[in-house]
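If you read the sequence from its start, that first residue is 1, and numbering goes on from there. Both ligands and their constituent atoms are indexed starting at 1 by order of listing.
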Amino acid sequence: MWPFKKPVVPPSAAPIFFTNTLTGKKDLFVSLKPGVASMYSCGPTVYGPQHIGNLRAALFADTIARVLLAADFHVRRVINITDVGHLVGDGDEGEDKMKVGAEREQVSPAEIANRYTKQYLTDIKSLNIDTNHILFPRASEYIQEQIAMIESIEEKGYAYQASDGVYFDTAKLPDYGKLGGIAQVKLMGGARIKVGAGKRNLHDFALWRKAKPGDLQQWPSPWGSGNPGWHIECSAMIRAILGREIDIHTGGMDHIPVHHNNEIAQSEVATGRPLARYWLHEAFITIEGEKISKSLGNEILLSDITARGFHPLSLRYFYYQASFRTPVSFSWEAIAAAHEALQRLWRLSCEVMDEAKEKSTDSEAARRMVAVVRDDLATPAALALLWETLRDEEMSAAEKLGVLTAADAIFGLALVNPPEVEGPVATEDLPQEVQVLILRRDEARQAKEYKLSDEIREELEYRGYRVDDGPSGTVVTPSRASYNRE
Ligand code: AMP
Ligand code: ZN
């Protein structure tokens with residue numbers, strides 16, 4: 001299944017840089033094996049639907065992969081499916097997430113996992129993520145590998161048994177917490193983890209938990225029946241599928257203090273090698289200043305976006321307007337604007353394709369596009385360059401098509417194969433009251449009553465139409481679908 005299909009981009013010698021949480025700098029990307037890039041991304045805990053914050057994590061990884069593919073790398077990708085062992089608090093406290101989901105929907109944990117894995121895959125496919133070239137291992141399918149890794153950590157003297165399970169002894173590892181800085185670990189992660197039930201040090205974490213009454217998932221192990229701690233699944237699956245050392249590890253910034261430092265600790269003790277050379281993290285999506293999260297109950301799902309008539313790729317466009325390392329605040333207005341901008345892009349790209357008659361040529365702008373995204377995924381700058389190109393009256397259609405093709409390889413916005421674009425609607429096909437508003441706006445414009453004509457424009461926009469001034473008067477396009485019309 002590996003590698004991906006190679007996208008069409010102009011040859012470029014521009015170097016690839018990524019901001020690396022491990023070094024705290026923007027580092028030149030050099031893969032362990034020439035021409036091959038291995039990448040692991042912490043995936044969904046499938047006890048409920050994935051919200052648009054989780055989907056930003058998937059898009060972040062997809063964009064990194066697209067940049068590498070366009071630079072001729074064979075990309076070997078894994079996204080894990082967490083269907084066991086993840087407690088609500090991310091540490092060793094709280095309820096088991098899969099149990100929460102199973103009890104909520106009155107089905108088995110396996111059924112919950114199937115339900116929400118399916119939904120996750122459907123969602124990321126509608127965001128134009130090619131799932132055929134990613135492996136999605138489930139934690140429950142790698143229990144033996146997790147047990148073997150815990151045994152190896154134990155043999156090396158970095159684990160101890162307590163009454164409720166087996167723990168990693170962080171005091172034995174002088175560089176524990178090196179990702180993002182130990183101070184951050186103490187501040188953010190440590191505060192949540194209580195020393196209890198025989199845990200020796202504040203940051204020690206469970207490798208194996210002994211079964212408790214009411215546990216729905218358990219497996220036999222050398223330490224008795226139970227289930228693995230959450231962090232060990234990633235270490236064990238990376239080892240089993242991608243090898244001892246990988247190029248890139250991705251995830252949300254919430255994983256830096258605890259989960260990723262624990263992955264590093266386990267893997268590096270078990271294999272004696274650095275786990276990943278580049279640790280890349282995306283910032284949160286927030287709503288009204290709060291991180292979107294299942295536990296806060298402020299989730300927005302992709303289905304909420306499409307239910308309002310916005311194209312799923314509007315979310316992709318929305319994310320690209322900001323750097324992945326910047327927190328982004330979600331609003332329905334911003335999604336509506338992204339939807340509209342995308343419709344315009346598609347319309348313009350159709351015009352370019354018609355004019356270019358499918359012939360594209362290389363240009364300085366296309367090479368610049370590639371160089372911009374290779375510089376730490378500078379998607380806002382790349383989008384600006386795309387708009388600049390499409391508006392450039394000097395550039396030929398063939399050159400524009402070259403830029404569109406190069407941009408599409410990275411953005412995955414269907415720029416060169418746009419779906420049916422919503423176009424302007426003939427006036428007689430519009431609702432009666434909209435026809436009246438158009439007539440009144442045209443009269444106001446003729447009478448130079450611009451305040452009134454602007455008010456009518458706002459009214460039309462409120463009703464979900466984009467308003468343009470055509471040669472014979474107002475032209476409206478129903479671009480916002482059901483938005484604003486509830
Ligand atoms: P989870 O299902 O909670 O394990 O999360 C799956 C992925 O989504 C992880 O990489 C998280 O770091 C990431 N994530 C969770 N919430 C957000 C958010 N609000 N914004 C961006 N990424 C997030
Ligand atoms: Zn992980």
Does the distance from a Lys or Arg side-chain N to an Asp or Glu carboxylate O, for [X] and [Y], drop under 4.0 Å?
X	Y	result
R115	E105	yes
D62	R316	yes
D254	K291	yes
R273	E245	yes
R244	E268	no
K26	D375	yes
R325	D376	yes

**Request:** Assign the ring pair Y278 / F18 to parallel, tilted or perpendicular, where the plane angle (0 to 90°) is split at 30° and 60°.
**Result:**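 Y278 vs F18 ring planes: perpendicular.
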**Request:** Quick one: sort the H255 and W230 rings into parallel, tilted or perpendicular, breaks at 30° and 60°.
**Result:**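 Correct class here is perpendicular.
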Contacting atoms of ligand 1, where contact means under 4.0 angstrom from a heavy atom of [X]:
X	result
G251	10 (O)
Q50	2 (O)
A283	21 (C)
C42	10 (O)
K291	16 (N), 17 (C), 19 (N)

May I ask you to check whether [X] has an N/O atom sitting below 3.5 Å from an N/O atom of ligand 1?
X	answer
K97	no
R56	no
I285	yes
P44	no

**Asked** N/O/S of E263 less than 2.8 Å from the Zn ion (ligand 2)?
**Response**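 Coordinating: yes.
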**Prompt:** Would H255 count as a contact for the Zn ion (ligand 2), in the sense that one of its N, O or S atoms lies under 2.8 Å from it?
**Reply:**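 Looking at H255, which is the residue asked about, there is no N, O or S atom under 2.8 Å from the Zn ion (ligand 2).
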Determine whether any heavy atom of [X] lies closer than 4.0 Å to an atom of ligand 1.
X	value
S293	no
G43	yes
H281	no

**D254 contact mode with ligand 1 (heavy-atom cut-off under 4.0 Å)** =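 The answer is the side chain.
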**Request:** Just let me know how M253 lines up against ligand 1, side chain, backbone, both or neither, with a heavy-atom cut-off below 4.0 Å.
**Result:**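 For M253, there is no contact with ligand 1 at all, from either part.
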**Message:** Can you check which of A57, G53, P327 brings a heavy atom nearest to atom 23 (C) of ligand 1?
**Reply:**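 Ranked by closest heavy atom to atom 23 (C) of ligand 1, first place is G53.
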**Prompt:** Does some side-chain heavy atom of N80 sit less than 4.5 Å from a side-chain heavy atom of F136?
**Reply:**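 Of all side-chain heavy-atom pairs linking N80 with F136, none is under 4.5 Å.
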**Message:** Could you measure the distance from the CD atom of Q146 to the CG atom of N227? Nearest 0.5 Å is fine.
**Reply:**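 CG of N227 is found 9.5 Å from CD of Q146.
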**Request:** Can you tell me, to 10 degrees, how wide the angle at the Zn ion (ligand 2) is between SG on C234 and NE2 on H259?
**Result:**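 Seen from the Zn ion (ligand 2), SG and NE2 are separated by roughly 110°.
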